[in-house]
Each structure stands twice: as C-alpha cells, then as structure tokens.
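To start, the structure itself, in structure tokens.
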Protein chains: 2
Amino acid sequence: MLINLDFESSEPIYQQLVFQIIEGIARKDFRPGEALPSVRSLASDIGINLHTVNKAYQQLKLEGFIQIHRQKGVVINPDGVPKADERYKQQLEKNLRPLIAESICRDYGEEEFLLLCKMIYKNYQGGRT
Amino acid sequence: MLINLDFESSEPIYQQLVFQIIEGIARKDFRPGEALPSVRSLASDIGINLHTVNKAYQQLKLEGFIQIHRQKGVVINPDGVPKADERYKQQLEKNLRPLIAESICRDYGEEEFLLLCKMIYKNYQGGRT
DNA sequence: GTATCTGTTATAGTTATAGTATAACAGTTA
DNA sequence: TAACTGTTATACTATAACTATAACAGATAC
C-alpha cells in the first residue's frame with residue numbers, strides 16, 4: 001500500500017485517499033478481490049484517524065469500487081468496478097466543462113487538450129507511475 | 001448577465017459564479033473590455049451578499065480573467081485572458097488525472113472520453129448553450 | 001471461553017470555510 | 001452634496017473536515 005498524502009493541501013485527506021485507491025485500481029496495482037488494510041491499520045500506518053479512513057472506504061463502497069464485509073474486511077470489488085452508466089457520463093461531462101471552458105479562455109487548443117488526455121491515459125495503462 | 005446558480009449544490013456559490021463568468025468568456029458572451037456589474041448590483045440581482053460576489057471577482061482577478069478598477073468598476077480583461085503557461089498545464093493535468101483514472105476503472109474507453117471532450121469543445125465554440 | 005480482530009455507531013471537541021449582516025472609508029462622478 | 005465605485009473590518013451562523021475516545025456486535029484463533 002503506497003499511499004501518498006499531502007497534509008498541506010486544501011483537498012480533504014479522505015478525498016485524496018479515495019483517489020489514490022482509484023488510481024491504484026486504474027493502474028492495476030489493485031486487482032479485483034484483493035484485500036485492503038483495515039480501517040484501523042491503514043489509519044495508524046498513515047498517521048490519521050480511523051474515521052477519516054472509514055469515510056474514504058464508505059465513499060469507495062458507495063461508488064462500487066470496494067466491498068466491505070463486516071467481519072472479514074475490505075476487498076476490491078471482485079466483480080470489477082461497475083461500468084460507466086448514463087449518470088456517470090453526465091457527472092463526467094459536468095466535471096470536464098469547467099476545465100475545458102478555462103482552456104478555451106487561455107487559448108489552450110482542443111488538439112493540445114486531447115493530447116494531454118491521451119498522455120494521461122497512456123500513463124495509467126502503461127503500468128507504474 | 002444570465003447567471004444560473006444552484007443554491008442546493010454543495011459547490012460554493014462564489015465558485016459557481018466564477019465558473020459561470022469563465023463560461024461566458026469562453027462562449028464569447030463576454031468580450032474583452034466589456035463591463036461586469038458592480039459587486040453590489042450583482043449581489044442584489046442574484047439575492048446574495050456582496051462579499052460572496054467580491055470573493056468571486058477577487059479570484060477572477062487573481063487568475064487574470066478580469067480587471068478591477070477601484071472607482072470605475074469591473075471589466076473583462078481588455079488584453080484577453082493570459083495564455084496557458086506551464087503552471088496552468090500542470091494544474092490542468094492534476095485536475096484531469098482523477099477523472100481519467102475513474103474512467104479507466106469504469107471501462108470508459110479513451111476514444112469515448114476524447115469524443116466527450118470534443119463534444120464539449122464544440123459546444124462552447126458553436127455559440128450559445 | 002477469553003482475547004483479538006473486524007466494521008459500525010455515538011459523542012464531543014477543534015479548526016477552517018462559506019455565507020450573511022452591518023458599517024464605514026476613500027475616491028469618482030453627476 | 002449625493003450617489004456610486006471597490007475595499008476593509010467586525011461579528012455571527014452553519015457546515016465540513018478531522019481528531020479523540022469509547023463502546024457494540026460478530027468472527028476467529030488460541
């Protein structure tokens with residue numbers, strides 16, 4: 001579990017944690033069915049409160065990334081992450097709009113923008129970062 | 001000034017305001033040099049506090065979208081918005097990474113993702129939304 | 001059976017952010 | 001002089017993030 005948190009960042013710790021685990025899944029560092037640390041052990045590893053870890057786990061569970069079994073522990077969803085549905089695509093578009101609007105204002109062209117996206121895609125699918 | 005705020009949203013009002021104005025510039029509803037309402041009039045138009053508007057204006061000023069003249073008022077930057085620099089590109093990449101990581105997890109392919117971006121680009125450059 | 005491990009729930013406190021409500025100041029303009 | 005700019009200051013409420021404990025319920029290992 002290589003978790004990299006920035007305690008100076010204004011981005012909440014639990015959000016950073018959520019993203020790091022999603023990144024791990026995207027990068028295939030975490031495979032379906034694989035176990036994650038318990039809320040207590042991960043919290044003490046990172047040096048944060050167990051509620052902060054729990055909050056991240058709850059969000060990941062809600063979005064289908066992991067499963068939480070009361071007495072067994074936490075595992076990456078063995079059935080894989082639920083595929084993109086209409087709701088997800090709408091949310092994605094909503095999230096992309098501000099980025100693209102600002103890029104247009106800053107004369108950052110569509111081609112450059114798409115190239116950047118491709119670069120990030122490749123970055124994940126290539127393996128380790 | 002067509003401003004559309006969602007008071008139920010968890011996204012802060014001043015952030016929504018910032019984005020709406022950036023969108024307006026991207027869509028060329030607002031042209032360089034064009035005047036924006038005063039903090040007081042916009043605040044009373046929308047039905048919010050003048051400090052909330054001021055906070056949005058200050059952020060837009062900091063990022064070069066607008067200029068604020070103490071006794072004249074607020075105008076869209078006559079010199080145009082500063083072009084994308086290295087710092088901006090890095091920030092953009094940082095913002096895109098979570099979206100792309102989750103898309104990969106959800107089996108939302110690179111082609112679909114890029115198509116969505118193109119669609120949004122077209123949406124802005126076509127004119128009104 | 002007792003101890004230890006799970007996730008879960010509850011309570012309480014601190015800190016920071018968002019938003020509002022007033023009020024006042026310093027210039028500009030009609 | 002009056003009405004308009006942005007700006008600054010103070011104060012208050014509400015909420016989110018994070019921490020600190022404590023306890024509960026079920027599973028498992030000795």
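As a basis for the values below, the full set of heavy atoms in this structure was taken, side chains included, without hydrogen atoms, waters or symmetry mates. So you know, we letter chains A, B, ... as the sequences are listed, proteins then strands, and number each from 1.
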Can you find a heavy atom in the side chain of B:Ile48 that is under 4.5 Å from one in the side chain of B:Tyr14? no
Would you find a donor on one side and an acceptor on the other, under 3.5 Å apart, between the side chain of A:Asn77 and the backbone of A:Gly64? yes
Using a strict heavy-atom distance below 4.0 Å, which residues from residues 36-47 of chain B are in contact with DNA chain D? B:Ser38, B:Val39, B:Arg40
Would you mind reading off the distance between B:Leu50 atom CG and C:dT22 atom C1', rounded to a whole angstrom? 10 Å
Could you tell me how far apart B:His69 (NE2) and C:dA26 (C1') are, to the nearest whole angstrom? 18 Å
Which comes earlier along DNA chain C counting from the 5' end, the contact point of A:Ile68 or that of B:Gln71, where each point is its nearest nucleotide? A:Ile68
Could you give the angle between the helix axes at the two ends of the helix from C:dG1-D:dC30 to C:dA30-D:dT1, with five pairs per end, rounded to 10 degrees? 10°
Hey, is the main chain of A:Ile120 close enough, under 3.5 Å, to the side chain of B:Glu93 for a donor-acceptor pair? no
So the ring pair (Phe, Tyr, Trp, His ring centres under 6.0 Å) pairs with at least one residue in residues 83-113 of chain A (sequence neighbours excluded) are A:Phe113-B:Tyr121
Heavy-atom donor-acceptor pair, A:His51 side-chain to D:dT21 base, under 3.5 Å: yes
Which residues pass the salt bridge (charged side-chain N to carboxylate O under 4.0 Å, His left out) test with A:Lys72, not counting sequence neighbours? none
One character per nucleotide, please: for nucleotides 13-18 of chain C, 5' to 3', B when the base has a protein heavy atom closer than 4.0 Å, S when only the sugar-phosphate does, - otherwise. -----S
Within the distance-only criterion (no hydrogens, no angle test), does the side chain of B:Gln20 pair as donor or acceptor with the backbone N or O of B:Asn4 below 3.5 angstrom? yes
Determine the contact category for A:Gln58: base if any of its heavy atoms lies under 4.0 Å from a base atom, sugar-phosphate if only primed atoms, P, OP1 or OP2 are that close, otherwise nothing. sugar-phosphate
A:Asn49 has an atom CG; how far is it from atom P of D:dC18, in whole Å? 10 Å
Interatomic distance where CZ belongs to B:Arg70 and P belongs to C:dT28 [whole Å]: 10 Å
Quick check: does any side chain N or O of A:Gln15 sit under 3.5 Å from a backbone N or O of A:Pro12, one acting as donor and the other as acceptor? no
Quick check: do A:Thr52 and A:Leu17 have side-chain heavy atoms less than 4.5 Å from each other? no
Whole angstrom is fine here: how far is it from CG in B:Leu60 over to P in D:dG6? 13 Å
Think B:Ser10 has a side-chain N or O under 4.0 angstrom from the OP1 or OP2 of D:dA16? no
Given 3.5 Å as the limit, does a donor-acceptor pair link the side chain of A:Asn95 with the main chain of A:Gln91, or not? yes
Sequence neighbours excluded - side chain to side chain donor-acceptor pair (under 3.5 Å) pairs with any residue from residues 30-49 of chain B: B:Ser38-B:Ser41, B:Asn49-B:His51
Separation of D:dC18 P from A:Asp6 CG (nearest whole Å): 12 Å
Is B:Asn54 close enough to D:dT7 that one of its side-chain N or O atoms is under 4.0 Å from OP1 or OP2 there? yes
Between A:Arg106 and B:Phe65, is there a side-chain heavy-atom distance shorter than 4.5 Å? yes
Grab the CD1-C1' distance between A:Ile48 and D:dC18 for me, whole Å please. 9 Å
